[in-house]
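Everything numeric here is computed off the predicted structure, so don't read it as measured data. Atoms within a ligand are numbered from 1 in the order they appear, just like the ligands themselves.
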Amino acid sequence: MGLILAIETSCDETAASVVESGTNVLSSVVSSQIDIHARYGGVVPEVASRAHVEMLTPVIAQAMVEAGIEPDELTAVAATVGPGLIGSLLIGVSAAKSLALVWDKPFVPVNHLEGHLYAASLEEPDMPMPVVTLLVSGGHTMLVLQEGHGQYRLLGETLDDAAGEAFDKVARYLGLGYPGGPIIDRMAADGDPMAISFPRAMMNDGYDFSFSGLKTSVVNHVRKNPDAADVDVAASFQEAVVDVLVTKARRAVHEYGAEALCIGGGVAANSGLRERVLDVCVEDGLRALIPSRSMCTDNAAMIAAAGWWRWQSDGGASLDHGADSSLRLQTI
Ligand code: KG4
Ligand code: ZN
C-alpha cells in the first residue's frame with residue numbers, strides 16, 4: 001500500500017489529491033480558474049500564477065482533510081513538473097518540494113502527459129497492455145501505444161493545433177466564450193452533425209493529425225454563410241474532429257494488436273468522442289477505457305496515479321529538480 005499526495009498546477013486548475021496504490025482516490029480537489037480567465041478569452045499566465053499562489057495551500061489542506069490522513073502516513077509527495085506554464089508549474093513544484101522536505105518524504109516529479117495517460121487506470125485498475133491511448137487536451141493531441149508501465153511509443157501527434165485548441169479557437173471565432181470545448185459540446189447536441197461537410201485532414205495518412213485547416217474552413221464557411229445555424233456549425237465541426245481522432249485510433253489498435261482503446265485529456269470529456277469510442281469498441285470487441293469526465297480535464301488524482309508508478313520504477317528525485325515548460329513524454 002502506498003499513499004501519494006499529488007499537486008497539479010500546470011495550467012489553470014489548482015489541484016491536489018491523495019490516492020492509495022495508484023487507484024483508490026481518497027480525495028481529489030480541483031479549484032478552477034475558468035471564471036478568472038474567461039473575460040480575457042484564454043488563460044493569462046501571470047494571472048494563473050497568482051491564482052495558484054492564493055489557492056494552493058487551502059486546496060492541499062482540503063485534500064488531506066477529505067482523505068482523512070496525516071502527513072506521516074504518506075509514501076511520497078508528487079507534483080506535475082511539465083509541460084505547462086512555467087510560472088504555474090513552479091508554484092506546484094516548490095510547494096511539493098517544501099512539503100517533502102518538511103515531512104521528510106520523497107519528492108516524485110510527474111509528467112503531466114503521463115498523468116492524462118493514467119487517468120483511466122483510476123477507474124480501471126487492471127488496465128490491459130498493450131493499450132492505445134488517444135491523448136487529446138488543450139495543448140496536446142497524441143496517439144500513444146503503451147506496452148507496460150512507463151513504456152510508451154508515440155505513434156502520432158498533431159502537426160499544428162491540438163484538438164482542444166481547435167475547439168477553443170472555433171468557439172472564440174463564433175463568439176461563444178471560453179473554454180470552447182464544453183460549450184461546443186453542449187451546442188452540438190442540438191445541431192445536425194451532417195449539415196456541413198468539413199474536411200478531415202490526413203484521414204488515411206499515418207497517425208499524425210492536423211486541425212488548423214479545419215479551423216480555417218469553419219471560419220470560411222461562416223463568412224460565406226452568415227445565416228448558418230451555430231448549432232449545426234458546432235455539431236459538424238465536432239463530428240469532423242471526432243471522425244479523424246477515432247478513425248486513426250481504431251486503426252492503431254488493430255495494427256498494434258492492442259486489446260483496449262483508452263482516451264484521456266480535456267477533449268476526452270467530449271460527448272461525441274466518448275460515444276464514438278464506445279461504439280467502435282463494441283463493434284470491434286475491444287475494451288473501452290473512458291475515464292469519468294472529471295478525470296479527463298486537469299486534476300491531481302491522475303498525477304498521483306502516474307506518480308505511484310513513477311515512484312515504484314524511479315524512486316524519489318532530488319529537491320534540486322526544477323520544472324520544464326516543454327517537457328516531452330519519455331518514449332522508447
Ligand atoms: O486536459 P485539459 O484540462 O488541459 C490541458 O492539459 O490542456 O484540457 C483542456 C482542453 C480545452 O481546450 C477545453 O476546451 C477542452 O479540453 N475540453 C473539451 C471538453 N471539455 C474540455 N473539448 C471538447 N468537449 C468537451 N466537453
Ligand atoms: Zn491537461
Side-chain angles (χ1 to χ4, degrees), residues 6-15 17 28 30-34 37-38 41-43 45 48 52 79-85 88-89 92 110-120 133-142 144 157-158 161-174 176-189 191 193 211 214-215 234-235 237-246 263-277 290-303 305-306 325-329:
I7 294 170
E8 155 63 40
T9 59
S10 66
C11 191
D12 59 346
E13 324 279 357
T14 312
S17 165
S28 177
V30 180
S31 166
S32 174
Q33 302 176 6
I34 283 177
H37 298 290
V43 178
H52 285 307
T80 303
V81 294
L85 301 170
S88 294
L89 286 166
V110 177
N111 184 316
H112 182 81
L113 302 173
E114 197 167 26
H116 279 307
L117 293 174
Y118 270 84
T133 302
L134 183 60
L135 196 172
V136 274
S137 68
H140 295 83
T141 295
M142 300 171 143
V144 176
E157 62 188 328
T158 184
D161 291 350
E165 197 179 349
F167 271 93
D168 295 338
K169 285 180 175 171
V170 164
R172 189 182 211 167
Y173 175 74
L174 297 174
L176 301 175
Y178 178 86
I183 304 171
I184 290 189
D185 190 350
R186 278 195 299 276
M187 290 178 64
F211 293 108
L214 170 59
K215 175 193 64 194
F237 160 75
Q238 179 172 296
E239 178 71 13
V241 175
V242 168
D243 208 10
V244 178
L245 291 175
V246 180
I263 55 175
V267 181
N270 183 267
S271 315
L273 179 62
R274 298 167 77 83
E275 219 170 274
R276 186 75 67 83
V277 166
I290 303 177
S292 55
R293 283 190 164 83
S294 62
M295 291 299 146
C296 293
T297 47
D298 287 350
N299 66 87
M302 68 183 195
I303 303 302
S325 62
S326 49
L327 188 64
R328 306 261 311 162
L329 186 69

Checking only N/O/S atoms, does Cys11 have one that is under 2.8 Å from the Zn ion (ligand 2)?
no
At what distance, to the nearest 0.5 angstrom, does OH of Tyr118 lie from CD1 of Ile303?
12.5 Å
In Asp298, the N/O/S atom nearest the Zn ion (ligand 2) carries the name OD1
Judged by heavy atoms only, the candidate from Gly181, Ala268, Gly138 nearest atom 18 (C) of ligand 1 is Gly181
The protein heavy atom nearest to atom 20 (N) of ligand 1 is Gly266 O, 3.4 Å
At less than 4.0 angstrom from any non-hydrogen atom of Asp185, what atoms of ligand 1 do you find?
24 (N), 25 (C), 26 (N)
Heavy-atom closest pair (Ser88 atom, Ala48 atom, distance to 0.1 Å) is OG-CB, 3.7 Å
Would you check if the side chain of Thr133 reaches a backbone N or O of Leu117 as a donor-acceptor pair within less than 3.5 Å?
no
Pull out every atom of ligand 1 sitting under 4.0 Å from any heavy atom of Thr297, numbered as shown with elements.
3 (O)
Atoms in ligand 1 with a heavy atom of Gly164 nearer than 4.0 Å
12 (O)
Measure the distance from atom 24 (N) of ligand 1 to every protein heavy atom, then report the residue, atom name and distance (to 0.1 Å) of the closest one.
Asn270 ND2, 3.0 Å
If you measure only the distance, is there a donor-acceptor pair under 3.5 Å linking the side chains of Glu8 and Ser10?
yes
Is the shortest distance from a heavy atom of Glu13 to ligand 1 less than 4.0 Å?
no
Atom 12 (O) of ligand 1 - nearest protein heavy atom and its distance
Asp168 OD2, 2.7 Å
Under 4.0 Å from a heavy atom of His116: which atoms of ligand 1 are those, numbered in the order shown and with their elements?
1 (O), 6 (O)
Distance from Leu135 atom CG to His140 atom NE2, nearest 0.5 Å?
8.0 Å
Hey, does the side chain of His52 reach the backbone of Cys11 with a donor-acceptor pair shorter than 3.5 angstrom?
yes
Considering only protein heavy atoms, which is closest to atom 2 (P) of ligand 1, and at what distance to one decimal place?
Asp298 OD1, 3.3 Å
To the nearest 10 degrees, calculate the angle at the Zn ion (ligand 2) involving NE2 of His116 and NE2 of His112.
90°
So how far is it from Glu157 CD to Arg328 CZ, rounded to the nearest 0.5 Å?
4.5 Å
Quick one: does any side-chain atom of Asp185 pair with a main-chain N or O of Ser271 as donor and acceptor, under 3.5 Å?
yes
Does any N, O or S atom of His140, backbone or side chain, fall under 2.8 Å from the Zn ion (ligand 2)?
no
Examine distances only and state if a side-chain atom of Asn299 and a backbone atom of Met295 form a donor-acceptor pair shorter than 3.5 Å.
yes
Under a 4.0 Å heavy-atom limit, does His140 contact ligand 1 with its side chain, its backbone, both, or neither?
neither
Passes salt bridge (Lys or Arg N to Asp or Glu O under 4.0 Å), Arg172 versus Glu165? Steps please.
CA-CA 10 Å; Arg172 189 182 211 167; Glu165 197 179 349; over 6 Å; no
Is there a heavy atom in Gly139 that sits closer than 4.0 Å to ligand 1?
yes
Check: Met302 and His112 side chains under 4.5 Å, non-hydrogen atoms:
yes
Any heavy atom of His112 sitting closer than 4.0 Å to ligand 1?
yes
